[in-house]
**Student:** 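Sharing a structure below in structure tokens format, with a few things to ask.
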There are 2 protein chains.
Amino acid sequence: MAQVKNTYQFEDLLEKHQLKKTGARLRVLSMMYAKNTATSQPDLESVMHDIDRVTLYRILNVFEEKGIIHKVFDLNGTANYAVCSSGCHEHHHHDEHLHFNCTACKGVFCLNELSLPSINLPAGFQASGFTLYASGLCPKCSAR
Amino acid sequence: MAQVKNTYQFEDLLEKHQLKKTGARLRVLSMMYAKNTATSQPDLESVMHDIDRVTLYRILNVFEEKGIIHKVFDLNGTANYAVCSSGCHEHHHHDEHLHFNCTACKGVFCLNELSLPSINLPAGFQASGFTLYASGLCPKCSAR
DNA sequence: AATACTAATGCAACATGATTGCATTTACCA
DNA sequence: TGGTAAATGCAATCATGTTGCATTAGTATT
Ligand SMILES: [Mn+2]
Ligand SMILES: [Mn+2]
Ligand SMILES: [Zn+2]
Ligand SMILES: [Zn+2]
């Protein structure tokens with residue numbers, strides 16, 4: 001579900017992470033928090049024509065470093081970014097949830113409410129992170 | 001574990017899928033079957049300098065269509081291809097196993113022996129495929 | 001074995017996304 | 001109201017993915 005926040009809260013968020021409150025960053029935040037699906041850089045570019053794409057690239061990078069968003073690859077291998085739930089901090093992400101990629105609308109959904117079952121790896125493998133991907137139809141697309 | 005096969009078996013494999021037995025295809029097959037990790041197109045290019053990269057691109061595509069190999073994205077979002085286990089057929093892949101990406105050697109391992117636990121999706125989501133990703137250290141890299 | 005037909009390849013060209021360097025502008029603190 | 005470091009814009013480059021088309025090579029047929 002999209003998280004509702006206002007400009008003041010976005011400014012607080014930037015301040016908390018020692019990032020300057022710029023127009024570009026606030027617009028990126030408001031767009032990403034308004035959606036319930038992950039956002040790719042092309043998504044941002046198609047809306048914010050006046051912001052250079054390198055700026056968007058760097059905004060996404062710094063937000064990821066700070067633990068504000070996390071990266072998810074969709075079925076095409078293109079990077080999408082989703083707002084982190086609680087548990088993500090600077091250089092320390094906790095995104096071990098299910099990522100659902102709709103094959104119809106291409107939306108990438110973070111299903112935070114689903115925790116991953118524990119996995120027993122073969123001897124020698126030492127896992128530091130897990131992600132479960134699913135593809136299929138999202139609620140909207142399956143209702144048609 | 002790497003699957004050992006000889007040239008005659010690769011030729012049979014191509015014939016079985018109604019593909020012409022060309023040198024480029026046989027070399028790609030022998031390289032991919034000799035490894036126990038997935039192979040990216042750049043991997044192939046770095047070894048087979050005499051084969052055009054578009055040819056390699058098309059070989060990978062047709063092998064994937066035929067169910068000989070399947071695509072896995074690594075942590076950087078670049079496509080890697082791994083030999084399919086049994087259960088993959090033309091236009092019908094069964095690759096619902098764990099993919100382990102080593103953060104040190106960058107190797108992508110298909111852990112076919114691990115079956116995925118069953119997942120209950122939220123209402124409305126209709127999954128047609130699952131993939132579980134793990135990252136960390138592979139046996140070789142964790143032994144150092 | 002020579003021929004004919006189709007698939008496969010090589011090359012050029014283009015598309016898209018990722019990434020860096022550097023000059024200029026802007027946010028923010030003293 | 002400046003001064004300073006951070007943020008941005010722009011140019012440029014690299015990597016990967018993708019298509020069109022002419023040429024080459026595999027294979028079935030004679
Ligand atoms: Mn997520
Ligand atoms: Mn696999
Ligand atoms: Zn959908
Ligand atoms: Zn390793």
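Bear in mind the structure is a predicted one, so any value in this text is a computation, not a measurement. Protein chains get the first letters and strands the later ones, always in sequence-line order, with residue 1 at the start of each. Values below: all heavy atoms of this structure, side chains included; hydrogens, waters and symmetry mates excluded.
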**Student:** Return the nearest nucleotide to the side chain of B/Val54; candidates are D/dT16, C/dC11, C/dA8.
**Tutor:**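 The listed nucleotide nearest to B/Val54's side chain is C/dC11.
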
**Student:** Does any non-hydrogen side-chain atom of B/Tyr81 lie less than 4.5 Å from one of B/Val28?
**Tutor:**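 A side-chain contact under 4.5 Å is absent here.
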
**Student:** Taking only the side-chain heavy atoms of A/Gln41 (C-beta and beyond), determine which of C/dA8, C/dG17, C/dA18 contains the nearest atom.
**Tutor:**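 It is C/dA18.
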
**Student:** Would you mind reading off the distance between A/Tyr81 atom OH and C/dA18 atom P, rounded to a whole angstrom?
**Tutor:** 6 Å

**Student:** Calculate the interatomic distance between A/Leu60 atom CG and D/dA7 atom P; express it in whole Å.
**Tutor:** 14 Å

**Student:** For the pair made of CG in A/Asp50 and P in D/dA7, what is the distance, rounded to whole Å?
**Tutor:**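 These atoms are roughly 19 Å apart.
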
**Student:** Heavy atoms under 4.0 Å, any strand shown: does A/Arg53 hit a base, just sugar-phosphate, or nothing?
**Tutor:**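 It contacts base atoms.
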
**Student:** Are A/Phe125 and B/Pro139 side-chain neighbours, meaning at least one heavy-atom pair lies under 4.5 Å?
**Tutor:**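 In short, these two side chains touch, coming nearer than 4.5 Å.
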
**Student:** Side chain of B/Lys20, base of C/dT6: donor and acceptor closer than 3.5 Å?
**Tutor:** yes

**Student:** In this structure, how many angstroms lie between the P atom of D/dG17 and the CG atom of B/Asp43, rounded?
**Tutor:** 11 Å

**Student:** On DNA chain D, nearest-nucleotide positions of A/Thr22 versus B/Asn61: which is more 5'?
**Tutor:** A/Thr22

**Student:** Take atom NZ of A/Lys21 and atom P of D/dA5, then tell me their distance rounded to the nearest Å.
**Tutor:** 20 Å

**Student:** Do any N or O atoms from the side chain of B/Gln9 and from the backbone of B/Asn6 form a donor-acceptor pair under 3.5 angstrom?
**Tutor:**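 Judged by distance alone, yes, a pair lies under 3.5 Å.
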
**Student:** How long is the line joining CD of B/Glu15 and C1' of C/dA8, in whole Å?
**Tutor:** 17 Å

**Student:** How are the rings of B/Tyr133 and A/Tyr133 set to each other: parallel, tilted or perpendicular (split at 30° and 60°)?
**Tutor:** perpendicular

**Student:** Less than 4.0 angstrom between a side-chain N/O of B/Thr55 and OP1 or OP2 of C/dG10, yes or no?
**Tutor:** yes

**Student:** A/Phe73 has an atom CZ; how far is it from atom P of C/dA18, in whole Å?
**Tutor:** 8 Å

**Student:** In whole Å, what is the span from the CG atom of A/Leu56 to the C1' atom of C/dT19?
**Tutor:**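 Interatomic distance, CG of A/Leu56 to C1' of C/dT19: 14 Å.
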
**Student:** Over all strands shown, is A/Arg58 touching base, sugar-phosphate only, or nothing at heavy-atom distances under 4.0 angstrom?
**Tutor:** base

**Student:** Below the 4.0 Å mark, does C/dT19 have OP1 or OP2 next to a side-chain nitrogen or oxygen of A/Tyr57?
**Tutor:**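 Answer yes for this pair, as a side-chain N or O of A/Tyr57 is under 4.0 Å from OP1 or OP2.
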
**Student:** Identify whether the distance between the nearest side-chain nitrogen and carboxylate oxygen of B/Arg27 and B/Asp50 falls below 4.0 Å.
**Tutor:**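 Looking at B/Arg27 and B/Asp50, the cut-off is met.
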
**Student:** Counting heavy atoms from C-beta on, name the nucleotide in D/dG17, D/dT16, D/dG9 closest to the side chain of A/Asp52.
**Tutor:** D/dG9

